[in-house]
> 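Sharing a structure here in structure tokens format.
Computed over heavy atoms, backbone and side chain alike; hydrogens, waters and symmetry mates excluded. Note that the structure is a prediction, hence the values are computed from the model and not measured.
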Amino acid sequence: MTPGQSTGRLSVVPPAESLPDVLPTDRLREGARLRSDLRADLRRVPNLANALTVVSLWVQIAVVIGGAIWLHHPVVWVVAFLLMGRAFSQLLILGHEAAHLLLFSNRRINDFVGKWLLDYPGLVPFEIYRRGHLAHHKDEMGPDEPDKALYAPYPVTRASLRRKLTRDAFFVSGWKNIRPLFTALRSRTGRPIALRIFAVQVVLLAAFTAIGRPELYLFLWLGPWMTVWRVINRLRAIAEHGGMIRSSDRRQTTHHVHQSLAARFALVPYNTGWHLAHHVDIGIPYRNLPALHRELEAGGWVTPELVYPSYRALWRALASRDEPAGQ
């Protein structure tokens, strides 16, 4: 991608003249959506597979915690702390799937699992998240974009990104994100949701207490959520939309990055790295996003020039603004 100039700084937005005008094709319609007959198969929700995924995630969490207790070695505790940060990424990405009604075809089951087994354990108010997230999809970078402040300032300087990640890693962002749950207790409308989230946290604390290690709720639950997860969340979020603009062309609102196995493990599990495809069609479950992306490439709508070779390459571009003179 050739950077352009935007408000006196390098831009990570692909200029319109670099975007192939190929729509519609024999398989893609305006907006790059698949023909309805081709789209139907990709939109099918795999209920059993998703149920097994949710169960396996909680088994993984139990293994990480149990393994740390059993092995009881400093290095193992550090690895467990980091893996629990990744576990929150997994919980909340599946919660994102439920927010889109893509986890289970039965809405009651979908929302129950999304709330009680995914978002509430991750200290996220499912109902509020769903409203805000659908507003994000309705008009990315528009005036009602709930996360515009997170995405808009990029590219920033390396020092600025470093400061943001430092705040994430050392509890500052964590406290900023957990504080609204406490203030919600004073709100008539917010109190019921906050109480449900706190009730789930009490259950988790009780589970740690039942195995004789209540302190691990702080070390292997709340601590990773307030630190490792905050870092992962920022790095992934800016890799999705950092520095992009309001546009009817999703190629100017959403990045795409080559998906390595390491990135898919540590940063973008459950195919969430195929984020451009997700924004093209928010009704396609995560398992089928790579298939949709292949269709976008085959149709010539996504070209190699639009794809960052790695997340590190994109983060470097997002931190490419020059330091102010005199610093």
Side-chain angles (χ1 to χ4, degrees), residues 1-20 32 85-86 89-90 92-93 96 136-137 140-141 145 147-169 173 228-247 249-280 286 289-290 292-294 296-297 301-323:
M1 186 189 314
T2 302
Q5 293 297 317
S6 173
T7 62
R9 59 183 176 182
L10 288 174
S11 173
V12 293
V13 182
E17 58 270 20
S18 73
L19 302 175
R86 173 181 177 266
S89 180
Q90 294 172 280
L92 300 178
I93 288 170
H96 163 267
H136 160 68
H137 276 284
E140 299 98 326
M141 309 301 165
E145 162 68 83
D147 297 319
K148 190 173 182 178
L150 174 61
Y151 308 134
Y154 293 87
V156 297
T157 65
R158 291 178 65 184
S160 175
L161 182 57
R162 187 163 52 246
R163 286 193 298 270
K164 290 175 172 61
L165 294 174
T166 299
R167 290 195 295 268
D168 295 337
S173 300
V228 180
W229 157 238
R230 305 318 315 175
V231 172
I232 292 173
N233 187 52
R234 184 181 301 277
L235 288 174
R236 190 184 72 238
I238 65 174
E240 292 171 350
H241 302 288
M244 300 301 260
I245 61 171
R246 188 185 192 187
S247 173
D249 190 325
R250 295 293 187 266
R251 294 171 295 184
Q252 291 187 312
T253 70
T254 310
H255 297 291
H256 182 68
V257 185
H258 172 71
Q259 297 295 292
S260 69
L261 288 176
R264 291 171 64 185
F265 175 82
L267 185 74
V268 284
Y270 303 130
N271 290 343
T272 197
W274 276 271
H275 206 65
L276 177 57
H278 172 59
H279 274 260
V280 166
Y286 78 86
L289 291 177
L292 174 58
H293 187 83
R294 288 192 294 271
L296 300 178
E297 290 181 319
W301 191 74
V302 171
T303 62
E305 292 74 24
L306 293 175
V307 180
Y308 282 88
S310 68
Y311 282 94
R312 290 182 65 185
L314 176 51
W315 294 328
R316 281 196 297 268
L318 292 171
S320 62
R321 188 177 185 181
D322 292 337
E323 298 286 346

> Using the side-chain contact (heavy atoms from CB on, under 4.5 Å) rule, take Gln252 and Leu19 through it: C-alpha gap first, then chi angles, then the decisive distance, then the call.
CA-CA 9 Å; Gln252 291 187 312; Leu19 302 175; 3.7 Å; yes
> Quick one: are Ser89 and Pro269 in side-chain contact, heavy atoms under 4.5 Å?
yes
> Considering all heavy atoms of both residues, which atom of Tyr151 and which atom of Ala237 are nearest to each other, and what is their separation?
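The answer is CE2-O, 3.5 Å.
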> Locate the shortest heavy-atom distance separating Pro155 from Val12; write the atom from each residue and the value.
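Where Pro155 meets Val12 most closely, the heavy atoms are CG-CG1, 4.1 Å.
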> Is it the case that the side chain of Ser18 and the backbone of Pro15 share a donor-acceptor pair, with hydrogens and angles ignored and the cut-off at 3.5 Å?
yes
> Can you find a heavy atom in the side chain of Asp168 that is under 4.5 Å from one in the side chain of Trp229?
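A side-chain contact under 4.5 Å is absent here.
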> Which heavy atom in Trp301 sits nearest to a heavy atom in Asp249, and how many Å separate them?
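Looking at all heavy atoms of both residues, the closest pair is CZ2-OD1, 3.5 Å.
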> Heavy atoms, side chains only, cut-off 4.5 Å: are Ser320 and Arg316 in contact?
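No, every pair of side-chain atoms sits at 4.5 Å or beyond.
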> Atom NE2 of His258 and atom CG of Leu314: how far apart are they, to the nearest 0.5 Å?
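Atom-to-atom, His258:NE2 and Leu314:CG are 14.0 Å apart.
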> Calculate, to the nearest 0.5 Å, the distance between atoms NE2 and OG1 belonging to His256 and Thr303 respectively.
11.0 Å
> Quick check: closest heavy atoms across Tyr286 and Tyr270, and the distance to 0.1 Å?
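So the minimum-distance heavy-atom pair works out to CD1-O, 3.1 Å.
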> Using a 4.5 Å cut-off on heavy atoms from C-beta on, say whether the side chain of Met141 contacts that of Ile245.
no
> Check whether any side-chain heavy atom of Glu297 sits under 4.5 Å from a side-chain heavy atom of Leu292, and report yes or no.
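No. Closest side-chain heavy atoms not under 4.5 Å.
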> Taking the six-membered ring for Trp, is the centroid-to-centroid distance between His255 and Tyr308 below 6.0 Å?
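Yes, the ring centres sit under 6.0 Å apart.
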> Using the rule given for side-chain contact (heavy atoms from CB on, under 4.5 Å), can you reason through Ser173 versus Arg234, listing the C-alpha separation, both sets of side-chain angles and the distance that settles it, and then say yes or no?
CA-CA 10 Å; Ser173 300; Arg234 184 181 301 277; 4.0 Å; yes
> Would you indicate whether the side-chain heavy atoms of Asn271 and Arg264 approach each other to under 4.5 Å?
yes
> If I take atom CD1 from residue Ile232 and atom CZ from residue Arg86, how far apart are they, to the nearest 0.5 angstrom?
8.5 Å
> Anything under 30° is parallel, anything over 60° is perpendicular, the rest tilted; go ahead and classify His136 against His241.
perpendicular
> Less than 4.5 Å apart, any side-chain heavy atom of His278 and any of Thr254?
no
> Which pair of heavy atoms, one from Pro14 and one from Arg251, lies closest together, and at what distance?
CG-O, 3.4 Å
> Between Arg250 and Glu140, is there a salt bridge with N-O shorter than 4.0 Å?
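Salt bridge present between Glu140 and Arg250.
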> So how far is it from Leu235 CG to Arg312 CZ, rounded to the nearest 0.5 Å?
12.0 Å
> If I take atom OG1 from residue Thr272 and atom CD from residue Gln259, how far apart are they, to the nearest 0.5 angstrom?
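Reported to 0.5 Å precision, the distance equals 8.5 Å.
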> side-chain contact (heavy atoms from CB on, under 4.5 Å) for Leu296 and Val280? Distances and angles first, verdict last.
CA-CA 9 Å; Leu296 300 178; Val280 166; 4.1 Å; yes
> Using 30° and 60° as the class limits, which term best fits the ring planes of His275 and His96: parallel, tilted or perpendicular?
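Taking His96 first and then His275, their aromatic rings sit tilted (interplane angle of 30° to 60°).
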> Working to the nearest 0.5 Å, report the span between CZ of Arg158 and CG of Leu161.
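Nearest 0.5 Å value for the CZ-CG distance: 9.5 Å.
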> Specify the closest pair of heavy atoms between Ala277 and Leu289, including all atoms of both residues, with the distance to one decimal.
CB-O, 3.8 Å
